[in-house]
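Working notes for the structure below.
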There are 2 protein chains.
Amino acid sequence: MSDGRQTSAVRGDTLLFLTDEQLRQGSEAMFFAYRGFTADPDRILADLTYGRAHHRAIHFIGRAPGTTVNNLLNILGVTKQSLNRVLRTLISDGLVESRVGRNDKRERHLHLTDEGRALEQKLSDAQRARLRAAFREAGPEAVAGFRTVLEAMMDPEMRASYAKLRETGQ
Amino acid sequence: MSDGRQTSAVRGDTLLFLTDEQLRQGSEAMFFAYRGFTADPDRILADLTYGRAHHRAIHFIGRAPGTTVNNLLNILGVTKQSLNRVLRTLISDGLVESRVGRNDKRERHLHLTDEGRALEQKLSDAQRARLRAAFREAGPEAVAGFRTVLEAMMDPEMRASYAKLRETGQ
DNA sequence: CTTGGAGTGTCAACAAGGCTGACATAAACT
DNA sequence: AGTTTATGTCAGCCTTGTTGACACTCCAAG
């Protein structure tokens, strides 16, 4: 039951009316979509001994090879104990390699091995397939809007991490 | 390092080029944005004895008052044991009321109590504030695109649940 | 009226993946 | 020489997901 509450804001010359109902629909869209977003990799991981946390680590190491543990901690937003549990298994399973830093020997630089890269491919192929289908279905303007809104939803530090990854990736 | 792979598709009269790099950025946007999306309610819940699972239950009960346990199970996509653990605490804490069905007495219809509604308000106010800010910042066309893409990312059953909630809510 | 199935609740055990706190080591910095 | 930084690790706890088993009530169909 909508109680008719709404909020308005001026952006440029555009007046926005955002009812609570519209915002609630936005929340629910995020919830259901995120489930879809993780579903395919999760299915693959279920067979292995790994979980979503391993996927995230592998993804970001693959994305920024040579990243340090601290850097990864910032991106993932978990404690070092949580991350270490994941990294330890990935390293001992030979998916990730940890190299002592040249300049700063305290740092560990993380890289995917060939095997690690293979799993990364497999997982992100599954995820990208869904994203690709959704992007095609929605069209380019919708995709642009999608990214704009998502970026605006991030915490500032996350937005910074996101921007940094975009630079290095492109 | 982008390897230049890309995929094309025709939608209507629009040709879409989707590089793996673009799709990866989409994934990362989802990841970072979802973190922002849950951050505010999580902070509130941390003080109470509740977690994100309680939030979800409260949200959907508030959204569809009188919903049955089975219905909620379908929406949330967890096992009845998981849901029951959450519902049990919410009911015994007086936030949720479970009423025996009139027609079918096997069913339990779930409702928020006044106290439950108060918490629901508090949590979704926090979440909506961020969403509202993001929607304002991004503008109406972006919001439309955002929802289109999210909807396209959902599993079909989830899209059905989502659509159903939209009907009853509006 | 009986019987099968549906809707719900619950116990037990387990796993993933968060968390805190404490401590250890090596390397860098001052 | 002393402090800080980067990392690793142990121990224990919590939430929230899982499977499997069992019980109870109630509806519906034969």
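Each chain gets a letter, A, B and so on, in the order its sequence line appears, and its residues count up from 1. Source: prediction; values computed, not measured.
- Taking atom CG of residue A:Leu45 and atom P of nucleotide D:dG17, one finds them 18 Å apart after rounding to whole Å.
- The ring of A:Tyr34 has its center no closer than 6.0 angstrom to the ring center of B:Phe37.
- Going from atom CZ of A:Arg56 over to atom C1' of C:dG17 covers 8 Å, rounded to whole Å.
- In this structure, the nucleotide among D:dT16, D:dT7, C:dT10 sitting nearest to the side chain of A:Val69 is D:dT7.
- For the pair B:His54 and D:dT16, the criterion of a side-chain N or O lying under 4.0 Å from OP1 or OP2 is met.
- Between A:Gly77 and A:Lys80, the residue anchored closer to the 5' end of DNA chain C is A:Gly77, taking for each the nucleotide with the nearest heavy atom.
- The listed nucleotides are C:dT10, D:dC27, C:dA28; the one nearest the side chain of A:Arg106 is C:dA28.
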Open item on the list: Between B:Arg99 and B:His111, is the side-chain contact (heavy atoms from CB on, under 4.5 Å) condition met? List the steps.
Closed with: CA-CA 8 Å; B:Arg99 303 184 195 154; B:His111 299 264; 3.3 Å; yes

- [ ] Start with the C-alpha gap between B:Arg63 and A:Glu28, add the side-chain angles, then the distance that decides, and say whether salt bridge (charged side-chain N to carboxylate O under 4.0 Å, His left out) holds.
- [x] CA-CA 10 Å; B:Arg63 172 67 151 181; A:Glu28 286 160 4; 3.0 Å; yes

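- The base of D:dG17 lies outside donor-acceptor range of the side chain of B:Arg52, with no N or O pair under 3.5 Å.
- Comparing B:Thr68 and A:Gln81 along DNA chain C, the residue whose closest nucleotide (by nearest heavy atom) sits nearer the 5' end is B:Thr68.
- Between the CZ atom of A:Arg102 and the C1' atom of C:dA26 there is a distance of 20 Å, rounded to whole Å.
- For B:Glu107, counting side-chain heavy atoms from C-beta on, the closest listed nucleotide (D:dT15, C:dG7, D:dT16) is C:dG7.
- Distance CG (B:Asn84) to P (D:dC22): 19 Å, rounded to an integer number of Å.
- By the 30° and 60° cut-offs, the orientation of the rings of A:Phe60 relative to B:Phe31 is tilted.
- The separation between B:Ile91 atom CD1 and C:dG9 atom C1' is 10 Å, rounded to whole Å.
- The phosphate of C:dT8 has OP1 or OP2 within less than 4.0 Å of a side-chain N or O from B:Asn70.
- Computed from coordinates, the B:Asp42 CG to C:dC19 P distance equals 11 Å when rounded to whole Å.
- In this model, the phosphate group of C:dG18 is not approached by any side-chain N or O of A:Thr79 to a distance below 4.0 Å at OP1 or OP2.
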